[in-house]
Amino acid sequence: MKKILVLFIPVLFLLVNSLNISGYATCTTTGDCPSGFTDNGTICEGKICYKQCYIYTCGNISDITWTQEFSDANKPHIKDQTDFDVTDSLGYTPTNTSRCYKFEYRGPSSNSCIQMNANESASPPNNCDSEAIVGFRDLTNLEDPWYKNIYTADSYRGPKYLGLVNKVQFDYMVKVARSHADGEGTSDSYKADLEITNSIYCANNSAICDAMAPLHNCTTGCYNKETRLRGFQGFLVESNSIDNTLYNGNGCGVQYVEANIGNYFTVKSSEGCSGGYYVYSAQANIIKYDTSARCDMVNEAPNITGVKILPLMPNAGQNLFCNYTYYDTENFTEQNSSYEWWKNNVNQNINSQILEYKNLTPGDLWFCKVSGSDGDKTSVFVQSENNVTINSTLQNPILYVDGNQSWNESGYYGITKIVDFDSQLRSALNSCTADAQGYCNISLTFFSNATGLLNITNINVYYDNPVAAVSVADTTLNLTALQSDNTVRLFEFTIINTGNSKISNLSWKLSTGEAILNSTQNVTLDASERLVSLIHYNYTTEGSFAVMANITYDNLTSNASLLVTIGNLLVDSMQELSRVGKVIVYEIKILNIRNESINNANWSVNISGADTYANKIYNLTSNESLYLYFEQNHTSFGEYQVKATAFNQNFTHSKTLTTLLKELVVIGLKVLNATSTRIQFEFLINNSLNATVNAINWTLNTGLTNVSSTTNITLQSNETVYVITDYNYTSSGTYAVNATARKNESSEDSQNISITV
């Protein structure tokens, strides 16, 4: 059994997006809002500012669509042969001040509904007529009702506020209907006046009432007031037609009437006569009023803040990125901003946000400057908060597989890249002699023209015989997923006859999670013979699918399964790029693996349960990568789970990184210089606390012995110290080197590298 190794090292590029923040500069407007309008302050749109006055209005009554909120059709209209003395409806209390209200009385449907019968045995004074009146009452405040100042009509048909009259049944009522019948000792139909449908209206200010017609029916105080409808049957001297003469004497005295209510005239109605009390509402819309008191803003130049070079500790093989925050008062989009890159205090005249690594040489000091532009105005150049010194790294690296060159790069090398040397490994395996366990030793050798550190990560190992094997009788079944291309997967499963005799009538099927594929004929295997099947399948949707291979032999069944994820938008990699105190910069790579563009891609980062989302969406072309840099100021020490997610409307994919944040941090351990067996090391110790730390010591384990600090170190908050020491090795070889800084046993950190002398 031979082992195949494939090495993957992720690719890294630099990309960061400036942050656009909405905002307006204000200017002073003059003038007041019209009467009844609310002053909502000054508002700016583009570069024009004006005073914003607004009002709720329901419009003209003829154009309003009313919604019924309440009804009481049983009272006070007369029905069920009930004598009509004093009767009240149920009450209704409006509360929504953004609505207009209509209180409506709807009289009986016709004259024939209402009949008046006389009691011949009673002898009322002459000229006493039957009188009926209907109106609204404010139960919240009887003596100061909300409709008190409503328009007073000349006609008795109303609406008309009666106020205090001679009988308490009428006090403080707004009349909407009135009728009477003449004669004494006779039967007569009521006049049609009582059939009138009348309403009073309510809005939350007088300006809205002004917009509603007719004005005399509208007032403003109904909100949070319980309003009922009242009907009353009484007597009136015929010669008097004004309501306040009710029970005023003149031949129909108060004393007589009070003693004989319901004894002389009674009013009854037939069944099924319609009428009653109804309340309707209409939604009021906000109407804005733009006063003439406006002012124009002058376009201001953008503001550039937080300029910083990333990464914070670059090497000669990494691009530099000039990161910053862009803010424009008028919210104009950034365009045509300018950049300067300065090396050793000399302007290199490079106008680009990204400085390519080909411009870098170890030991040089760089800073950048940014001038923001909105396409019209340009800001002054702002220099980066940090200067960076370029560290040494590999130069012209070469990878040898078993002595044969497999991969190489020209120039300084400091990025991350996928290196695939599968074919070279296979060639070496095919020519090697396996040991007793079936393994071969194949050397991987890296070469560089300059001293540097090469980190090898994500070494994936694949076997010809996967360990997920299942047996049925004398057979063995293996299932694996080989190459993939977008939604296409190539599955391989192997069936091995591990017995000593021939097997016949063996069948198989493969469930992809979307479809089931069956063998088209039975399989026969001799002893020790194997069947390798390759199944090509193109998924139609994205998601995670349970794939299962099944074999059936001699009425026995076994299967092997694996999980396949189909997605076009992937979080390809994420890593911690730099760390200063509690501030960590994370790099996230999002990859489109489709053969076409992906629109509306988005991302989020979750740290300890708190989500941060992108402030814009992205469109990625086929196989395009998006590199994001996320800076997080962690508030305390400890372990953090950092989860990056890429998603669109169809698919979501995530990766999680564990970050351990300590008080003391050791970073940047490297070989600074090498002469024969004398190696000079460099590493950094950072104090992440918000307070001074005393009595810090360090130890460098060279792989042969320890080199320790001779004096304690004191570091201010977020201060970093560079430690440089050398060691003369007594013999050649490969050594594990460790640098450790500690204050006490509970506060220490370390970093490891491997060197060859």
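For reference, positions follow the sequence shown, starting with 1.
- Lys589 is not listed as a side-chain neighbour of Leu626, based on a closest heavy-atom distance of 4.5 Å or more.
- Formation of a donor-acceptor pair under 3.5 Å by the Asp374 side chain with backbone atoms of Phe332 is not found in this model.
- Ring-plane geometry between Trp698 and Phe683 is classed as perpendicular, the angle between the planes exceeding 60 degrees on a 0 to 90 degree scale with a lower cut at 30.
- With hydrogens and angles disregarded, a donor-acceptor distance shorter than 3.5 Å links the side chain of Asn351 to the backbone of Tyr339.
- Here CG of Leu672 is found 11.0 Å from OG1 of Thr725. Values are rounded to the nearest 0.5 Å.
- In this structure, a donor-acceptor pair under 3.5 Å is present between the side chains of Thr658 and Gln641.
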*For Leu684 and Asn686, run side-chain contact (heavy atoms from CB on, under 4.5 Å): C-alpha distance rounded to whole Å, both residues' side-chain angles, the deciding distance at 0.1 Å, then the answer.*
CA-CA 6 Å; Leu684 285 71; Asn686 174 255; over 6 Å; no

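- With values rounded to the nearest 0.5 angstrom, Cys368 atom SG is found 8.5 Å from Gln353 atom CD.
- Scanning all heavy atoms of the two residues, the minimum distance from Asn619 to Glu624 falls at O-OE1, 4.0 Å.
- Listed by chain and residue number, nothing satisfies the side chain to side chain contact (heavy atoms under 4.5 Å, CB included) test with Ser732 (two or more places apart in sequence, or in another chain).
- Side-chain contact between Phe681 and Val671 is present, with at least one heavy-atom pair separated by less than 4.5 Å.
- Phe630 is not listed as a side-chain neighbour of Leu628, based on a closest heavy-atom distance of 4.5 Å or more.
- The aromatic rings of Trp407 and Tyr413 sit perpendicular, their planes meeting at an angle over 60°, well past the 30° parallel limit.
- For the 3.5 Å distance criterion, the side chains of Asn336 and Ser373 fail to qualify, holding no donor opposite an acceptor.
- Identified under the salt bridge (Lys or Arg N to Asp or Glu O under 4.0 Å) test for residues 309-326, with sequence neighbours left out: none.
- In terms of modelled atom types and a separation under 3.5 Å, the side chain of Asn408 and the main chain of Pro397 share no donor-acceptor contact.
- The stretch residues 677-729 participates, sequence neighbours left out, in no disulfide (SG to SG under 2.5 Å) pair at all.
- Scored by the side chain to side chain contact (heavy atoms under 4.5 Å, CB included) test, Gln348 finds Lys343, Val346, Ile350, Trp366 as partners (sequence neighbours excluded).
- For Glu356, there are no salt bridge (charged side-chain N to carboxylate O under 4.0 Å, His left out) partners, not counting sequence neighbours.
- Partners of Asp726 by salt bridge (charged side-chain N to carboxylate O under 4.0 Å, His left out), not counting sequence neighbours, listed by chain and number: Arg678.
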*Worked verdict on Thr714 versus Asn694 for side chain to side chain donor-acceptor pair (under 3.5 Å)*: CA-CA 4 Å; Thr714 297; Asn694 300 309; 3.2 Å; yes

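- Remark: Asn738 pairs with Asn701, Thr740, Ser750, Asn752 by the side chain to side chain contact (heavy atoms under 4.5 Å, CB included) rule, at least two apart or across chains.
- When side chains are defined from C-beta on, Phe367 does not count as touching Val388, because their heavy atoms never get closer than 4.5 Å.
- When ring centroids are compared, Tyr627 and Tyr629 stay outside the 6.0 Å threshold.
- Taking CG of Leu310 as the reference point, atom CG of Asn323 lies at 5.0 Å (rounded to 0.5 Å).
- Sorted by first then second residue, the salt bridge (Lys or Arg N to Asp or Glu O under 4.0 Å) pairs that include residues 693-722, not counting sequence neighbours, number zero.
- Considering every non-hydrogen atom in both Ala646 and Ile590, the closest pair reads CB-CG2, 3.8 Å.
- Evaluation of the salt bridge (charged side-chain N to carboxylate O under 4.0 Å, His left out) rule for Glu682 yields Lys670 as partners, not counting sequence neighbours.
- In terms of heavy-atom proximity, Asn396 sits nearest to Gly411 at OD1-N, 2.7 Å.
- Val307 places a side-chain heavy atom less than 4.5 Å from the side chain of Cys322.
- Taking both residues in full, the closest heavy atoms of Val723 and Ile685 are given as CG2-CD1, 4.0 Å, listed atom of the first, atom of the second, then distance.
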*Can you list the steps and then say if Thr705 with Tyr727 is a side-chain contact (heavy atoms from CB on, under 4.5 Å)?*
CA-CA 9 Å; Thr705 187; Tyr727 181 75; 3.3 Å; yes

*Check the pair Lys743, Leu664 against side-chain contact (heavy atoms from CB on, under 4.5 Å), reporting the backbone distance first and the verdict last.*
CA-CA 8 Å; Lys743 177 184 178 183; Leu664 291 179; 4.2 Å; yes

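- For Gln632 (side chain) and Ile607 (main-chain N/O), no donor-acceptor pair under 3.5 Å exists by modelled atom type.
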*Please walk me through it: do Gln575 and Tyr586 pass side-chain contact (heavy atoms from CB on, under 4.5 Å)?*
CA-CA 6 Å; Gln575 64 179 349; Tyr586 298 96; over 6 Å; no

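- Annotation: salt bridge (Lys or Arg N to Asp or Glu O under 4.0 Å) contacts involving residues 683-695, sequence neighbours excluded, are absent.
- Side-chain contact between Glu631 and Ile584 is absent, with no heavy-atom pair separated by less than 4.5 Å.
- Nearest heavy-atom pair, Asn315 versus Ser392, reported as atom, atom and distance to 0.1 Å: CB-O, 4.1 Å.
- With hydrogens and angles ignored, the 3.5 Å screen pairs no side-chain donor or acceptor of Thr656 with any backbone N or O of Lys643.
- A donor-acceptor pair under 3.5 Å is formed between the side chain of Asn687 and the backbone N or O of Gln716.
- Between the side chain of Tyr729 and the main chain of Thr702, a donor-acceptor pair closer than 3.5 Å is present.
- Contact of the Ser754 side chain with the Thr734 side chain is registered, since non-hydrogen atoms from C-beta on lie closer than 4.5 Å.
- For the residue pair Tyr412 and Leu360, the shortest heavy atom distance occurs at CD1-O, 4.4 Å.
- Residues forming a side chain to side chain contact (heavy atoms under 4.5 Å, CB included) with Ser379 (at least two apart in sequence, or on another chain): Ile304, Ser371.
- Between Ile696 and Leu715, the closest side-chain pair of non-hydrogen atoms falls below 4.5 Å.
- Sequence neighbours left out, not one pair with a member in residues 659-738 passes disulfide (SG to SG under 2.5 Å).
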